[in-house]
Amino acid sequence: MAHADNLSIGVFIDGGYFAKIDEGLGKKNMGKVNVKGLFQYIPEMVSKHFGIDQKLLYITEAHYYRGRFRATDAENRNLLFEERLFEDSLIENDIIFHYKHLRPNPSGGVIEKGIDTWFALDTYEMTLFREFDYVVLISGDADHEMLARKLKALKTHTILLTWDPANTGSTSRFLSEEVCTHIDIMKLAAKAPDVLKRLTHK
């Protein structure tokens with residue numbers, strides 16, 4: 001872990017999990033995730049949780065990983081505009097996005113393959129070389145349990161940030177138990193309802 005006056009935060013987003021958050025918010029008629037609000041809130045959340053002056057905390061890198069349709073498939077599904085609109089919000093908040101094409105499944109539907117491995121390898125490698133003081137994982141996937149263990153071995157405080165507005169149980173207990181700190185947005189919102197107003201938009 002780097003020791004300096006300023007403390008760095010690396011944020012890594014599992015796009016599939018992020019989509020489930022939006023889906024859950026939609027089911028509750030709560031709109032969508034306000035990406036700008038979320039990224040303004042993360043340093044504040046870390047500050048309050050660990051008693052650190054917020055002025056010392058900076059998100060120095062943020063990355064988003066997701067499988068997506070090829071352009072023609074997205075157009076056929078009327079998804080192109082929605083995808084570009086979401087990418088605009090990522091760009092506006094300096095979030096680097098990483099995509100792999102979805103593969104057709106012979107038995108129907110599509111396969112999102114290799115994203116979890118890419119997510120884990122990049123997160124570990126960047127944490128190793130950037131020496132983040134805190135890493136925030138926005139995910140719920142049990143496959144990232146070993147990633148959390150490896151990040152702790154680097155002496156990096158690993159925070160799991162989860163949000164399950166529809167109460168679907170989409171967060172793995174194994175991942176939750178492996179990280180240093182697990183912060184649940186819905187539990188925070190139960191104590192401070194204004195949190196959801198800041199983190200969502202219609």
Side-chain angles (χ1 to χ4, degrees), residues 7-49 54-55 57-69 74 77-100 102 112 115-116 118-120 122-123 126-127 130 132-141 144 158-166 168 170-171 175 179 181-189 192-202:
L7 301 173
S8 61
I9 303 171
V11 181
F12 296 86
I13 304 169
D14 174 344
Y17 183 80
F18 200 85
K20 288 179 183 177
I21 298 173
D22 265 345
E23 185 179 334
L25 290 171
K27 288 179 179 177
K28 296 290 185 178
N29 295 315
M30 297 167 67
K32 290 181 174 293
V33 178
N34 180 342
V35 177
K36 182 177 180 179
L38 176 62
F39 272 73
Q40 289 175 339
Y41 185 67
I42 287 173
E44 180 182 325
M45 174 195 69
V46 174
S47 169
K48 288 179 178 177
H49 197 86
Q54 189 177 337
K55 293 178 182 177
L57 292 163
Y58 295 89
I59 295 176
T60 52
E61 282 198 44
H63 297 263
Y64 171 92
Y65 296 80
R66 185 80 198 271
R68 77 170 183 181
F69 292 107
R77 290 171 168 80
N78 296 315
L79 294 174
L80 275 180
F81 178 75
E82 185 178 342
E83 287 181 353
R84 282 298 298 272
L85 201 61
F86 179 66
E87 286 172 8
D88 284 347
S89 70
L90 297 179
I91 293 167
E92 287 163 3
N93 290 281
D94 299 319
I95 303 167
I96 302 166
F97 43 89
H98 309 263
Y99 294 123
K100 280 181 70 71
L102 294 168
E112 188 176 61
I115 300 296
D116 287 340
W118 190 14
F119 176 99
D122 269 8
T123 303
M126 281 186 248
T127 302
R130 307 291 203 273
F132 301 122
D133 295 286
Y134 296 92
V135 165
V136 175
L137 303 176
I138 300 179
S139 178
D141 198 326
H144 296 143
T158 306
I159 301 168
L160 179 65
L161 181 64
T162 61
W163 190 353
D164 188 8
T168 60
S170 56
T171 301
L175 176 59
V179 295
T181 304
H182 178 195
I183 296 176
D184 185 322
I185 292 293
M186 295 311 292
K187 288 182 180 178
L188 290 179
D194 66 309
V195 167
L196 290 182
K197 292 180 182 179
R198 294 177 58 186
L199 302 186
T200 59
H201 65 78
K202 297 295 184 181

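Basis for what follows: all heavy atoms, side chains included, without hydrogens, waters or symmetry-related copies. In this text the structure is predicted, and so the values were computed from the model without any measurement.
Looking at heavy atoms from C-beta onward, Ile13 lies out of side-chain contact with Phe97 at the 4.5 angstrom threshold. Considering only heavy atoms from C-beta on, Lys20 stays 4.5 Å or farther from Thr168 through its side chain. In this structure, the side chains of Asp116 and Asp14 come closer than 4.5 Å at one or more pairs of heavy atoms. Side-chain contact between Ile185 and Leu196: present, with at least one pair of heavy atoms (C-beta onward) separated by less than 4.5 Å. When side chains are defined from C-beta on, Leu199 counts as touching Val195, because their heavy atoms get closer than 4.5 Å.
For Tyr134 against Ile159, the heavy-atom pair with the smallest separation is CD2-CD1, 3.9 Å. Contact between Arg66 and Gly16 at its shortest, heavy atoms only, is CD-N, 3.4 Å. Between Glu83 and Ala74, the shortest heavy-atom distance links the atoms OE1-CB, 4.0 Å. Residues Ile59 and Ala62 share a closest heavy-atom pair of CG2-CB, 4.4 Å. Taking every heavy atom of both residues into account, Gly24 and Ala166 meet most closely at CA-CB, 3.8 Å.
Tyr65 is linked by a ring-ring contact (aromatic ring centres under 6.0 Å, His included) to His98, Trp118, Phe119, counting only residues two or more places apart in sequence or in another chain. By the side-chain hydrogen bond (donor to acceptor under 3.5 Å, both in side chains) test, Thr162 is found to be paired with His182, residues two or more places apart in sequence or in another chain being considered. Residues forming a ring-ring contact (aromatic ring centres under 6.0 Å, His included) with Phe86 (at least two apart in sequence, or on another chain): Phe18, Tyr64. Taking Tyr58 as the reference, nothing meets the ring-ring contact (aromatic ring centres under 6.0 Å, His included) condition, with sequence neighbours excluded. In this structure His49 satisfies the ring-ring contact (aromatic ring centres under 6.0 Å, His included) test with no other residue, sequence neighbours excluded.
The environment of CD in Glu44 is crowded: more than 12 heavy-atom neighbours from other residues, nucleotides or ligands sit within 6.0 Å.
To the nearest 0.5 Å, the span separating CG on Leu85 from CG on Leu80 amounts to 12.5 Å. With values rounded to the nearest 0.5 angstrom, Arg198 atom CZ is found 11.5 Å from Thr200 atom OG1. Taken to the nearest 0.5 Å, the CD atom of Glu61 stands 6.0 Å off from the CE atom of Met126.
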Determine, stepwise, if the pair Phe132 / Thr60 fulfils side chain to side chain contact (heavy atoms under 4.5 Å, CB included).
CA-CA 8 Å; Phe132 301 122; Thr60 52; 3.5 Å; yes
For Trp163 and Ile138, run side chain to side chain contact (heavy atoms under 4.5 Å, CB included): C-alpha distance rounded to whole Å, both residues' side-chain angles, the deciding distance at 0.1 Å, then the answer.
CA-CA 9 Å; Trp163 190 353; Ile138 300 179; over 6 Å; no
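Put simply, the side chain of Thr127 gets close to the backbone of Thr123: a donor and an acceptor are under 3.5 Å apart. Checked by atom type and distance alone, the side chain of Ser8 pairs as donor or acceptor with a backbone atom of Asp133 at under 3.5 Å.
Between Glu87 and Arg68 there is a salt bridge, since at least one side-chain N of the basic residue sits less than 4.0 Å from a carboxylate O of the acidic one.
For the side-chain contact (heavy atoms from CB on, under 4.5 Å) with Val179, the lone residue among Val135, Leu160, Val136 that qualifies is Leu160.
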Using a 3.5 Å cut-off and no angle test, enumerate the donor-acceptor pairs between side-chain atoms of residues 26-41 and protein atoms at least two apart in sequence or in another chain.
from, atom 1, to, atom 2, distance (Å)
Asn34, OD1, Lys36, N, 3.2
Asn34, OD1, Gly37, N, 2.9

